[in-house]
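Have a look at the structure below before the remarks.
These numbers come from a predicted model, not from an experiment.
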Amino acid sequence: MREFGDFANIDIDKLLSGAESQFAQMGRAQEDMAGVVGRAQDEDELVTVEYAVEGLRTLDIHPKAMRLSSSELAEKIKAVLQDASRDLQVRLSAAMGEMFGEEMNPMKFIANPDAAMGRFDSAQDAYRRTFDDVMGELDRIRRRLE
């Protein structure tokens, strides 16, 4: 009698242990992400920004910056804030890459939704093939029993 594809060989304890490990890894990742901070400073060192997952953490304006017009200062702050945000993204991506490996880095999928959909489609195709195999085997067993 033919087995049910890979389902007959599933090690449930290993599967559960793997799931627990992944949940623990996600918990550690969440804790680690709270400590990741993006930093940036303008070339004149008048504006310094720290940006974290929760948003703007610090904004330091050097007293010399008060000599700028309000629009110049505003533009400088916006530019440095964008740089700090980009730095945060780079740092998050690096941290996630270390935790999950570059192949499964969640940040990669955020930056490239088409790649995420491609992986989803591949997983969906594998599920459908497995489902069809199992249903086919169950149908063969039903016919034998009749």
Side-chain angles (χ1 to χ4, degrees), residues 2-141:
R2 189 168 172 233
E3 298 291 328
F4 290 104
D6 288 339
F7 286 120
N9 300 318
I10 289 178
D11 182 346
I12 298 297
D13 291 331
K14 184 178 177 183
L15 182 67
L16 290 174
S17 173
E20 287 173 5
S21 173
Q22 287 180 341
F23 283 127
Q25 189 176 17
M26 287 300 291
R28 286 190 304 276
Q30 192 172 20
E31 290 170 7
D32 290 347
M33 293 305 106
V36 177
V37 178
R39 293 178 177 84
Q41 186 176 55
D42 71 300
E43 63 279 352
D44 301 322
E45 300 180 1
L46 298 176
V47 176
T48 304
V49 168
E50 287 187 353
Y51 196 82
V53 175
E54 70 273 7
L56 182 64
R57 188 174 275 183
T58 63
L59 169 62
D60 294 323
I61 301 173
H62 193 280
K64 290 181 184 178
M66 297 305 145
R67 296 180 186 145
L68 299 172
S69 70
S70 62
S71 62
E72 288 173 320
L73 181 56
E75 288 303 314
K76 196 171 283 279
I77 290 170
K78 286 192 282 187
V80 174
L81 183 58
Q82 287 175 342
D83 291 345
S85 176
R86 277 192 291 273
D87 185 50
L88 174 65
Q89 294 300 317
V90 167
R91 290 173 188 265
L92 285 174
S93 184
M96 292 292 220
E98 286 178 23
M99 280 184 238
F100 298 103
E102 285 306 317
E103 182 66 25
M104 293 303 295
N105 186 339
M107 297 301 288
K108 179 175 75 172
F109 298 123
I110 291 171
N112 186 352
D114 292 337
M117 286 308 296
R119 292 203 50 105
F120 174 77
D121 290 343
S122 295
Q124 188 176 29
D125 290 344
Y127 169 79
R128 284 184 183 144
R129 284 191 304 274
T130 302
F131 180 79
D132 290 345
D133 289 348
V134 168
M135 294 308 291
E137 190 62 32
L138 288 173
D139 191 47
R140 282 189 283 280
I141 290 169

[X] versus [Y]: any side-chain heavy-atom pair under 4.5 Å?
| X | Y | result |
| --- | --- | --- |
| Val49 | Asp83 | no |
| Val36 | Leu88 | yes |
| His62 | Thr48 | no |

Which residues pass the side chain to side chain donor-acceptor pair (under 3.5 Å) test with Glu54, not counting sequence neighbours? Arg57

Taking side chain to side chain donor-acceptor pair (under 3.5 Å) as the test, write out the residues that go with Asp42, two or more places apart. Lys76

Keeping Arg39 on the side-chain end and Asp87 on the backbone end, is there a donor-acceptor pair under 3.5 Å? no

Working to the nearest 0.5 angstrom, can you tell me the gap between [X] [atom1] and [Y] [atom2]?
| X | Y | atom1 | atom2 | result |
| --- | --- | --- | --- | --- |
| Leu46 | Asp60 | CG | CG | 12.0 Å |
| Glu75 | Leu68 | CD | CG | 11.5 Å |
| Met135 | Arg140 | CE | CZ | 11.5 Å |
| Ile61 | Ile77 | CD1 | CD1 | 4.0 Å |

Tell me the closest heavy-atom pair linking [X] and [Y], and the distance in Å.
| X | Y | answer |
| --- | --- | --- |
| Ala40 | Ala84 | CB-N, 3.4 Å |
| Val37 | Ala52 | CG2-CB, 4.4 Å |
| Tyr51 | Ser85 | CD2-CA, 4.0 Å |

I would like to know whether Leu81 and Val47 meet side chain to side chain contact (heavy atoms under 4.5 Å, CB included); could you show each step before the answer? CA-CA 9 Å; Leu81 183 58; Val47 176; over 6 Å; no

Does Arg129 have any salt bridge (Lys or Arg N to Asp or Glu O under 4.0 Å) partners at least two apart in sequence or in another chain, and if so, which? none

